[in-house]
Amino acid sequence: STGAIIAFLVGLRRETSGQAKKLYDKLIPRIFVKSALSQTMMVFTTAAYDERHFNEVMEEVLGDTSMLESRADPAVPLVFCISSKMTSSPIQISLFRNYNYGGGELS
C-alpha cells in the first residue's frame, strides 16, 4: 500500500516528490491504524491493519476521477499497483492500472 500511495500521488496527481512526501507523511497515520482487534485480525486473516482506512484515504486522494480517466491528460504516465486483500480467504489479488491494452497485445 505504501508504494501505491506514492505511485498515485506522483503519477496520477502529478505531485512533486516534496509535495508527495508531505502528503504521504500526513496520510500514513490515518492508514496504518492499530486497533484493539489488530492482534486478533492478524491471527485469523494475516492482516495487521484494517483496509477500510486505506480505501478511505485512496478515495480522498483520487477523488471522483477514475484511473482510466487520468490518461486523458497526456502528462500523466502509465501507473499501476498490485494489492492483496489479506482479510479474505483465500487472499484476493487485484491489479489497478490507468491503461488498457490494445487488441493483440500481451497483458
Side-chain angles (χ1 to χ4, degrees):
S1 55
T2 297
I5 296 165
I6 294 168
F8 292 160
L9 291 174
V10 173
L12 298 179
R13 288 185 41 150
R14 306 294 296 144
E15 305 223 358
T16 66
S17 59
Q19 291 169 322
K21 183 184 181 329
K22 193 175 190 177
L23 187 53
Y24 174 84
D25 290 341
K26 188 176 164 183
L27 296 175
I28 286 303
R30 292 179 45 205
I31 294 171
F32 297 111
V33 177
K34 288 279 189 177
S35 70
L37 298 175
S38 294
Q39 290 297 89
T40 306
M41 248 174 68
M42 185 78 160
V43 170
F44 291 106
T45 68
T46 69
Y49 302 98
D50 188 336
E51 74 263 7
R52 286 179 299 159
H53 302 289
F54 177 76
N55 292 339
E56 288 170 7
V57 168
M58 286 295 93
E59 285 178 15
E60 181 182 312
V61 166
L62 297 175
D64 293 333
T65 305
S66 75
M67 290 186 72
L68 287 176
E69 289 170 346
S70 73
R71 291 293 298 144
D73 180 351
V76 174
L78 301 178
V79 177
F80 78 95
C81 77
I82 298 171
S83 173
S84 57
K85 185 173 181 179
M86 305 296 285
T87 57
S88 63
S89 182
I91 295 169
Q92 296 176 349
I93 306 293
S94 298
L95 171 65
F96 299 93
R97 63 182 184 205
N98 69 341
Y99 55 92
N100 280 324
Y101 288 100
E105 293 183 48
L106 297 175
S107 57

Pairs under 3.5 angstrom only: tabulate donor-acceptor contacts from the side chains of residues 71-79 to other protein residues two or more places apart or in another chain.
from: Arg71; atom 1: NH1; to: Val76; atom 2: O; distance (Å): 2.3
from: Asp73; atom 1: OD1; to: Ala75; atom 2: N; distance (Å): 2.9

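- Residues Met58 and Ile5 form a side-chain contact, since some pair of their non-hydrogen atoms from C-beta on lies under 4.5 Å apart.
- Here the CG atom belonging to Asn98 is positioned 8.5 Å from the CZ atom belonging to Phe8, to the nearest 0.5 angstrom.
- Between Ala20 and Leu9, the closest heavy-atom pair is O-CD1, 3.7 Å.
- Side-chain atoms of Val61 and Leu12, non-hydrogen and from C-beta on, never get closer than 4.5 Å to each other.
- Linking Ile, Leu, Val, Met, Phe, Trp and Tyr residues whenever their side-chain heavy atoms come within less than 4.5 Å leaves Leu68 and Ile82 in two separate clusters.
- Distance check, rounded to the nearest 0.5 Å: CG of Leu95 to SG of Cys81 gives 7.5 Å.
- Put simply, the side chain of Arg13 never gets that close to the backbone of Glu15: no donor and acceptor are under 3.5 Å apart.
- Here the straight-line distance linking atom CG of Leu27 with atom NZ of Lys22 works out to 13.0 Å at 0.5 Å rounding.
- Atom CZ of Phe80 has 12 or fewer neighbouring heavy atoms from other residues, nucleotides or ligands inside a 6.0 Å radius.
- Shown here is Arg52, whose CZ atom has no more than 12 heavy atoms of other residues, nucleotides or ligands within 6.0 Å.
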